[in-house]
Amino acid sequence: MKQLQKSKLDWATILNTIPANNYIFQNIPYKEQIKQAAKLLQEAEWILIGAGAGISTAAGLTYSGKRFTDNFSDFTEKYGIIYMKDMYTSGFYPFPTQEEKWGYWSKHSIINRFLPPALPLYKQLYEIIKEKEYFVLTTNVDHQFYKSDFQAERIFATQGDYGAIQCEKGCHPKIYDAKELFYQMDNERHNCRIPSYMVPKCPICGGNMTMHLRCDEYFVEDENWYKMASSYVDFLNKMREKKGVLLELGVGFNTPTIIRFPFEKMVYENNNLSLIRLNLNETVVPENLGNNALGIGGDMSKTISDLHQQINSLNQALY
């Protein structure tokens, strides 16, 4: 694994060049995969977690079904179930006014960011890695890692935070905590709208504000974002000669250039590394990584629980 530049994280430097026909579904029984993965995690000197939307879905933060209909029926009645099928598609709805936009997003944030406690899957994951040197790279914006005892200085959330807002045009590199504002909006919402006086305006340019989510070129990468990007690079450089595991959790092909592809390339270039890929369906791994890659499918909550139990058994056998 080549030493990365500390000053700036350039994703292109860690992209893979693995051809599509090299990917395979492994023909290994589940119990054997759990044993292999547990042994890799137990023997690792460090663990890099790469987490995507799949882990939060497995943990219970589903964006569709009953959880959506129970909380957003007033929105689907007003705007139409065709356009608002779940919380993901609803986020792209072209709300005609700022009052309606914040009527939706304040509730979305409360439901997914502020109300949920630390979920059992995340807490069990922490139990697996807490004794190791670790770092978390995540595209999730629901704050579950922070709630589940992972150290904030070891978490790089690259895509934003449901609990923060920014200037819509990114006129200045600062984000703003919106918890209190969102709860005020939630209390005053009527017919899916908030009062006009609650619509947030940029304190610098006076323009509209928006959620701190990476969706266009105006996404604000503030001082803390760059600090954590640097911490991520420092961690990789510090650990590059030691035995490590890249534990990929619920990462699909929506933004594969942040976690999925770079993880593959790092393992391909460094025999000290192994990749463990947990995913409901997309468990293909590069065949040329051989025994250094495991792709485990199915219910991730069960897999994490089984791994935790197996690692405990291995640890007990040592004493």
Side-chain angles (χ1 to χ4, degrees), residues 1-6 9-16 18 36-56 58 121-122 124-140 144-146 148-159 225 227-252 255-279 282-283 285-286 289 291-296 300 303-304 307-308 311:
M1 184 168 60
K2 298 177 181 178
Q3 183 162 352
L4 302 174
Q5 293 298 315
K6 181 177 179 180
L9 184 62
D10 182 2
W11 299 110
T13 64
I14 48 178
L15 289 181
N16 74 345
I18 297 172
Q36 291 181 22
K39 189 170 186 294
L40 288 171
L41 289 166
Q42 183 201 42
E43 295 177 350
E45 296 176 82
W46 59 277
I47 298 172
L48 172 60
I49 293 173
I55 183 176
S56 284
L121 189 157
Y122 279 89
Q124 199 163 50
L125 176 63
Y126 179 72
E127 290 300 313
I128 290 175
I129 63 90
K130 67 180 182 180
E131 301 299 330
K132 304 286 185 178
E133 288 284 346
Y134 73 86
F135 198 90
V136 176
L137 175 66
T138 181
T139 55
N140 294 345
Q144 274 295 312
F145 282 104
Y146 300 89
S148 304
D149 295 328
F150 291 82
Q151 296 173 296
E153 61 269 24
R154 294 171 179 258
I155 305 169
F156 181 24
T158 67
Q159 306 298 76
W225 191 97
K227 175 184 175 182
M228 296 317 302
S230 179
S231 294
Y232 175 47
V233 173
D234 288 345
F235 180 82
L236 292 180
N237 286 333
K238 178 182 176 182
M239 297 296 167
R240 68 183 185 275
E241 302 299 332
K242 299 180 180 180
K243 189 172 185 178
V245 167
L246 310 187
L247 181 57
E248 183 191 292
L249 306 169
V251 179
T255 53
T257 57
I258 297 174
I259 298 172
R260 193 175 180 107
F261 292 165
F263 275 26
E264 291 171 358
K265 183 177 182 182
M266 283 190 274
V267 175
Y268 181 74
E269 294 180 343
N270 188 343
N271 288 328
N272 287 325
L273 302 183
S274 297
L275 170 66
I276 300 174
R277 172 168 287 158
L278 306 189
N279 202 295
E282 297 169 340
T283 56
V285 294
L289 295 184
N291 294 330
N292 286 348
L294 276 173
I296 307 176
M300 192 185 307
T303 303
I304 293 295
L307 280 173
H308 184 230
I311 290 171

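Along the sequence shown, residues carry numbers from 1.
S148 contributes atom OG, which lies 13.0 Å from atom NZ of K130 (distance to the nearest 0.5 angstrom). Atom CE of residue M239 and atom CD of residue E133 lie 4.0 Å apart, to the nearest 0.5 angstrom. Rounding to the nearest 0.5 Å gives a distance of 12.5 Å between CD1 of I128 and CD of Q42. The distance from atom CG of L137 to atom CD1 of I155, rounded to the nearest 0.5 Å, is 11.5 Å. To the nearest 0.5 angstrom, I47 atom CD1 is 10.5 Å from E131 atom CD.
I55 pairs with exactly one of T138, V251, L125 by the side chain to side chain contact (heavy atoms under 4.5 Å, CB included) rule, that one being L125.
Shown here is K132, whose NZ atom has more than 12 heavy atoms of other residues, nucleotides or ligands within 6.0 Å.
You'll find the side chain of I276 reaches within 4.5 Å of the side chain of L278, heavy atoms only. The side-chain heavy atoms of W46 and L273, taken from C-beta on, include a pair separated by under 4.5 Å. When side chains are defined from C-beta on, L48 counts as touching L236, because their heavy atoms get closer than 4.5 Å. No side-chain heavy atom of L294 sits less than 4.5 Å from a side-chain heavy atom of V285. Side-chain contact between M266 and N270 is absent, with no heavy atoms from C-beta onward closer than 4.5 Å. Contact of the F150 side chain with the I129 side chain is registered, since non-hydrogen atoms from C-beta on lie closer than 4.5 Å.
When all heavy atoms are compared, the tightest approach of L40 to S274 is CD2-OG, 3.6 Å. A pairwise comparison of heavy atoms in K242 and N272 identifies O-CB, 3.5 Å as the closest pair. Between T139 and G52, the shortest heavy-atom distance links the atoms OG1-CA, 3.6 Å. Pairing each heavy atom of N279 with each of R260, the nearest pair is ND2-NH1, 4.0 Å. The shortest non-hydrogen separation linking L307 to A38 is CD2-N, 3.7 Å. Heavy-atom minimum distance, Y134 versus D149: OH-O, 4.4 Å.
Using cut-offs of 30° and 60° on the angle between ring planes, the pair F156 and Y232 is tilted.
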Exercise for the section: Evaluate the salt bridge (charged side-chain N to carboxylate O under 4.0 Å, His left out) criterion for residues E264 and R277: first the C-alpha distance (whole Å), next the side-chain angles of each, then the deciding distance (0.1 Å), finally the verdict. Expected result: CA-CA 10 Å; E264 291 171 358; R277 172 168 287 158; 2.9 Å; yes
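Relative to the six-membered ring of F235, R154 misses at least one condition, a distance below 6.0 Å or an angle of at most 45° to the axis.
In this view, E43 and K39, K243 satisfy the salt bridge (Lys or Arg N to Asp or Glu O under 4.0 Å) rule, not counting sequence neighbours.
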